[in-house]
Asks: 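So that we are looking at the same thing, I have put the structure below in structure tokens.
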Amino acid sequence: MTCKVCQKSLSLLRRLNDREYCSDEHRAAGTKRSASALRDVEGAEYETAATWDVAAKKASPVQDAEGLWSYTQTALLSILALSGILFLAIQFSGSTYQGERANKGQTDWMSTMVTSLFSRETTIPQPVRLYQDFTTPNLKEWTPLAGGANWSIRNGLMQPGGLRLWQESRTMVDYRFQFEGSIESSSLSWAVRAVDHRNYQASKMVIRGDRSSSTNELVRFTVIDGKEMARIRIPIPVQLRPHAFHHYEVRATGNHLLTYLDGKLVDSYIDPRLSSGGVGFFTEARERSAIRWVRLLPGREFTDQLRSYFSFGLDLPFLK
């Protein structure tokens, strides 16, 4: 589709408003030219004017092809807009679990729907790689430092002590770390990207103050070669109550880590120092917490890829 004055190809954005001229100046010039042509036609015979009108209305094969391409572009833009809406819905819908217990194999229905829209073949929801509840007193999969870590299991709840790592998770790279836990006293702490007990990313959800005037914050820091880096404190808009169970999720994709609390994104940061490693729990002085269940979903999900595309932009030739 080209300009009637300069024959320059019209951009996609221009075609949305004007499919004949590339600029307002050329539209004005083209209108004057059309008016002059009409004055010339008015002096001709009626049959001649009718013939000229039919010829003007008859579309050429090239114009038909250009019109079809324009409609195709509009359809593609609509698909992109729909994917953006679905992406935002996924972003704010949060975690894949909101009930009392986690079911193995349960996945986010929005994620499944988006994947099915963009996949060329039927997509099977990703299986749960690792899962454990604490209905039985079994901690053999959790590796402590030498000398033990003072962990205990009571009434189906695990109460962590010193740092233990989930042994089978330590070779994983991209994953979604989900668990349900409560703050019994002060805070609940966990580790991700744990290469070993001396190198990991640590976070903790903290309740400060009493029931009448409490504040909530997330504290995170990095431990490299056994040395703790500076702690960062982030206020949390979600209200936490002692002894109340909440759903936690950490999405680790490359150097990017996102933390969700009850389906709401509360922290997002990039740290290139540790880009792989497993998960674990720990407590510090005067802290006590309880974990009901924990699971890991493997791999880089389609929704994470879509999120990165929207974050850094797509190079789409037909939008130029």
Side-chain angles (χ1 to χ4, degrees), residues 95-97 101-108 111 124-154 156-182 188-205 220-226 245-260 271-283 289-304:
S95 65
T96 63
Y97 175 81
R101 292 273 177 151
N103 295 321
K104 294 183 179 180
Q106 182 180 6
T107 55
D108 187 354
S111 173
I124 301 175
Q126 291 184 338
V128 175
R129 170 72 176 273
L130 297 173
Y131 174 85
Q132 184 177 356
D133 58 24
F134 299 98
T135 54
T136 59
N138 179 11
L139 291 173
K140 65 180 182 180
E141 298 178 2
W142 299 81
T143 306
L145 288 169
N150 299 322
W151 283 33
S152 63
I153 296 178
R154 296 188 183 93
L157 300 176
M158 182 271 291
Q159 294 182 323
L163 176 63
R164 281 182 185 246
L165 303 180
W166 204 353
Q167 182 63 33
E168 293 187 52
S169 71
R170 293 173 64 178
T171 58
M172 296 181 68
V173 178
D174 295 337
Y175 51 78
R176 297 172 66 181
F177 176 38
Q178 301 176 344
F179 58 93
E180 187 178 16
S182 70
L188 185 156
S189 307
W190 65 89
V192 296
R193 290 286 185 250
V195 178
D196 51 39
H197 291 80
R198 294 173 53 84
N199 297 274
Y200 56 90
Q201 300 278 3
S203 297
K204 57 177 57 196
M205 203 65 68
R220 58 173 160 85
F221 55 93
T222 305
V223 176
I224 302 293
D225 293 331
F245 282 88
H246 296 270
H247 182 266
Y248 296 81
E249 178 174 349
V250 180
R251 300 183 184 182
T253 305
N255 299 327
H256 195 187
L257 290 98
L258 300 96
T259 303
Y260 292 82
D271 192 329
R273 289 174 291 185
L274 296 170
S275 58
S276 65
V279 302
F281 293 101
F282 65 95
T283 58
S289 59
I291 307 299
R292 180 174 286 166
W293 56 263
V294 58
R295 69 178 176 183
L296 275 172
L297 301 177
R300 182 181 176 91
E301 292 195 341
F302 174 82
T303 52
D304 294 322

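Computed from heavy atoms alone, side chains included, the values below leave out hydrogens, waters and symmetry copies.
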Asks: Testing W293, Y260, W190 for ring-ring contact (aromatic ring centres under 6.0 Å, His included) with F179, which one passes?
Replies: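 Checked W293, Y260, W190 against F179; only one passes ring-ring contact (aromatic ring centres under 6.0 Å, His included): W190.
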
Asks: So, taking the atom named OG in S289 and the one named CE in M205, what distance separates them when rounded to the nearest 0.5 Å?
Replies: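 Taking OG in S289 and CE in M205, the distance rounds to 12.0 Å.
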
Asks: So which heavy atom on V173 is nearest to which on S275, and how close?
Replies: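 Closest pair (atom of V173, atom of S275, distance): CG1-O, 3.7 Å.
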
Asks: Please report the C-alpha distance between R295 and Q132 in whole Å, then the side-chain angles of each, then the deciding distance to 0.1 Å, and finally whether the side-chain hydrogen bond (donor to acceptor under 3.5 Å, both in side chains) criterion is met.
Replies: CA-CA 6 Å; R295 69 178 176 183; Q132 184 177 356; over 6 Å; no

Asks: For L257, enumerate each residue passing the side chain to side chain contact (heavy atoms under 4.5 Å, CB included) test, keeping only those at least two apart in sequence or located in another chain.
Replies: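 By the side chain to side chain contact (heavy atoms under 4.5 Å, CB included) rule, L257 matches V192, R193, V250, A252, Y269.
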
Asks: Taking the side chain as every heavy atom from C-beta outward, state whether V279 and L296 have any pair of such atoms under 4.5 Å apart.
Replies: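 V279 reaches L296 side chain to side chain.
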
Asks: My understanding is that only one of F177, W166, F134 makes a ring-ring contact (aromatic ring centres under 6.0 Å, His included) with F281; could you say which?
Replies: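 Output: one option passes, namely F177.
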
Asks: Could you tell me which non-hydrogen atom of R220 sits nearest to which non-hydrogen atom of S203, and how far apart they are?
Replies: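 The pair with the smallest heavy-atom distance is CB-OG, 3.6 Å.
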
Asks: Taking only residues two or more places apart in sequence or in another chain, which ones pass side chain to side chain donor-acceptor pair (under 3.5 Å) with W151?
Replies: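 Checked W151 against side chain to side chain donor-acceptor pair (under 3.5 Å); zero matches.
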
Asks: N255: which residues meet the side chain to side chain donor-acceptor pair (under 3.5 Å) condition with it, sequence neighbours left out?
Replies: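 None.
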
Asks: Assess the residue pair L130 and S169 against the criterion (side chain to side chain contact (heavy atoms under 4.5 Å, CB included)); give the C-alpha distance rounded to whole Å, side-chain angles, the decisive distance to 0.1 Å, and a yes or no.
Replies: CA-CA 8 Å; L130 297 173; S169 71; 4.0 Å; yes

Asks: If you take all heavy atoms of T283 and P160, which pair is closest and at what distance?
Replies: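 The answer is CG2-O, 3.3 Å.
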
Asks: Using modelled atom types only, decide if a donor and an acceptor are shared between the side chain of D133 and the backbone of R292 within a distance under 3.5 Å.
Replies: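 It does not hold such a pair.
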
Asks: If we ignore hydrogens and angles and just use 3.5 Å, is the side chain of Q178 paired with the main-chain N or O of R251 as donor and acceptor?
Replies: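 No, Q178 side chain to R251 backbone: no donor-acceptor pair under 3.5 Å.
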
Asks: Shortest non-hydrogen contact from A194 to L165?
Replies: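 Looking at all heavy atoms of both residues, the shortest contact is CB-CD2, 3.6 Å.
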
Asks: Taking all heavy atoms of M158 and all of L139, pick out the closest pair and write down the distance.
Replies: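 Minimum heavy-atom separation between M158 and L139: CG-CD2, 4.2 Å.
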
Asks: Any side-chain heavy-atom pair from L258 and T253 closer than 4.5 angstrom?
Replies: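 Result no, sub-4.5 Å side-chain heavy-atom pair not found.
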
Asks: What are the two closest non-hydrogen atoms of D174 and G254, and how far apart are they?
Replies: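 Where D174 meets G254 most closely, the heavy atoms are OD1-N, 2.8 Å.
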
Asks: Charged N to carboxylate O below 4.0 Å: is that the case for R170 and E168?
Replies: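 No, no charged N to carboxylate O under 4.0 Å.
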
Asks: Working to the nearest 0.5 angstrom, can you tell me the gap between L163 CG and R198 CZ?
Replies: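 With rounding to 0.5 Å, CG (L163) is 12.0 Å from CZ (R198).
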
Asks: The criterion is side chain to side chain contact (heavy atoms under 4.5 Å, CB included); which residues satisfy it with T222, sequence neighbours excluded?
Replies: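 Testing T222 for side chain to side chain contact (heavy atoms under 4.5 Å, CB included), a comparison that skips the adjacent residues, returns Q201, I224, M229, D271, R273, L274.
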
Asks: Ignoring hydrogens and angles, tell me if any N or O in the side chain of N199 forms a donor-acceptor pair with the backbone of D225 under 3.5 Å.
Replies: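 Judged by distance alone, yes, a pair lies under 3.5 Å.
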
Asks: Holding to side chain to side chain donor-acceptor pair (under 3.5 Å), I want the full list of residues that pass it with H246, two or more places apart in sequence or in another chain.
Replies: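 Here the qualifying residues are D262.
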
Asks: S182: what forms a side chain to side chain contact (heavy atoms under 4.5 Å, CB included) with it, not counting sequence neighbours?
Replies: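 E184, F245, A290.
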
Asks: With a 3.5 Å distance limit and no angle check, can you tell me whether R164 reaches the backbone of W142 through a side-chain donor-acceptor pair?
Replies: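 Judged by distance alone, yes, a pair lies under 3.5 Å.
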
